[in-house]
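Chain identifiers are assigned alphabetically (A, B, ...) following the order of the sequence lines, protein sequences preceding nucleic acid strands; residue numbering begins at 1 within each chain.
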Protein chains: 2
Amino acid sequence: MLSKKCKYAIHALVYLAERHEKGPVQIQDISDDQHIPKKFLEAILLELRHAKILESKKGKGGGYYLIKDPAEVNLMQVMRLIDGPIALLPCVSLNYYERCDECRNEKTCGIRNSLIQVRDETLKILGGSTLAKIVKREKSLKVR
Amino acid sequence: MLSKKCKYAIHALVYLAERHEKGPVQIQDISDDQHIPKKFLEAILLELRHAKILESKKGKGGGYYLIKDPAEVNLMQVMRLIDGPIALLPCVSLNYYERCDECRNEKTCGIRNSLIQVRDETLKILGGSTLAKIVKREKSLKVR
DNA sequence: TTTTTAGTCTACTTAATAAGTAGAGTTTTA
DNA sequence: TAAAACTCTACTTATTAAGTAGACTAAAAA
């Protein structure tokens, strides 16, 4: 399961992607619109800024804005950043690999195979889920 | 990520599947062989018994054994039993559905779509990963 | 140049869950 | 009837998620 923090991050990014290149958006606005606790959201946006996905401007008229093209930011990146590994086991993770203490021999562990498949399919889908596509999808859904 | 409990459950089941129809296996044996804390394993096996996957026999010569065909038990069932939902969001879960408080309108939420795809691919792979296949795979890997 | 606005950063708190343990009780078999 | 095994309730302990407080810094406008 995704953490709430990660859900918040995604919703905030989608909100910012909808307003891409329309100037900075204040934390308060995102917080109000998306029902995210403001202080918590601050921390999340800061993390996204450190990851070079967002940039911020201080003072009046300030706020946060995307510095990447919405087509270049996908759910895989965001989930990895906020929640860490996407794989179901550490010994199957590409970015956060860790040995399993349990299985003596990773090579002959019969369950890794399935979990590698799950990982690969998941990454394919999440990697293809860009902010641009999500915004587009939401728009088409809202029209109806 | 899977919990350790769930990993333990899977390894214990694979161990029992290898010994299917060869009489009860004692908790201590599984615990020793798979490096699972005995007391913790007791609780896990009990849960698997309550789920009618295992049965037990008390007293001397007792132990646990599979009461399902290893081809009828898959990772999807085990993960759901031990860890709960497989989907990445409650509002996308088939067996543990819950409304999202965040999104006002589930129908127009642009991220659900991707996560439904992830769920479906994951379930397909995990549902096809039976104990029988895992045992077979381990055997073929160990031969080399 | 001072006030206001808005993000920055460190350091908490609180609640929930994961992981594991203790120990008395029950059933079965030799 | 003694020993072997599983059963069950009730803990403990560590970790993480989720959220909060408050002082600080930077920028813009009065």
How does protein reach along nucleotides 22-30 of chain D, written 5' to 3' as B (base within reach of a heavy atom under 4.0 Å), S (only sugar-phosphate), or - (no contact)?
-> B--BSBS--
Within this structure, what is the [atom1]-to-[atom2] distance between [X] and [N], rounded to whole angstrom?
X: A:Ile36; N: D:dA18; atom1: CD1; atom2: C1'; value: 13 Å
X: A:Leu2; N: D:dA18; atom1: CG; atom2: P; value: 10 Å
X: B:Leu46; N: D:dC8; atom1: CG; atom2: P; value: 5 Å
X: A:Ile82; N: D:dA17; atom1: CD1; atom2: C1'; value: 13 Å
X: B:Leu48; N: D:dT7; atom1: CG; atom2: P; value: 12 Å
X: A:Tyr8; N: D:dA18; atom1: OH; atom2: C1'; value: 8 Å
X: A:Lys38; N: D:dA18; atom1: NZ; atom2: P; value: 21 Å

Nucleotides bounding contact with chain A, strand DNA chain C, heavy-atom threshold 4.0 Å =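 That gives a stretch of C:dT5 to C:dC9.
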Can you tell me how far OH of A:Tyr65 sits from NZ of A:Lys57, rounded to the nearest 0.5 angstrom?
-> 7.5 Å
For B:Glu121 and A:Lys124, run salt bridge (Lys or Arg N to Asp or Glu O under 4.0 Å): C-alpha distance rounded to whole Å, both residues' side-chain angles, the deciding distance at 0.1 Å, then the answer.
-> CA-CA 11 Å; B:Glu121 285 301 321; A:Lys124 199 193 295 173; over 6 Å; no
Non-hydrogen side-chain atoms of [X] and [Y] separated by less than 4.5 Å:
X: A:Tyr64; Y: A:Leu54; value: yes
X: A:Ile111; Y: A:Leu89; value: yes
X: B:Thr130; Y: B:Leu75; value: no
X: A:Cys109; Y: A:Glu106; value: no
X: A:Met1; Y: B:Leu88; value: no

At under 4.0 Å between heavy atoms, what does B:Ile27 touch on the DNA or RNA strands: base, sugar-phosphate, or nothing?
->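 Sugar-phosphate contact only - B:Ile27 comes under 4.0 Å of backbone atoms but never of a base.
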Give a yes or no on whether B:Glu55 atom CD has more than 12 heavy-atom contacts from other residues, nucleotides or ligands under 6.0 Å away.
->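 Result for CD/B:Glu55: enclosed.
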A:Asn74-A:Ser129 side chain donor-acceptor pair, cut-off 3.5 Å | no
Compare side-chain N and O positions of B:Ser56 against OP1 and OP2 of D:dA5 and report whether any pair is under 4.0 Å apart.
->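 For D:dA5, OP1/OP2 do not have a side-chain N/O of B:Ser56 under 4.0 Å.
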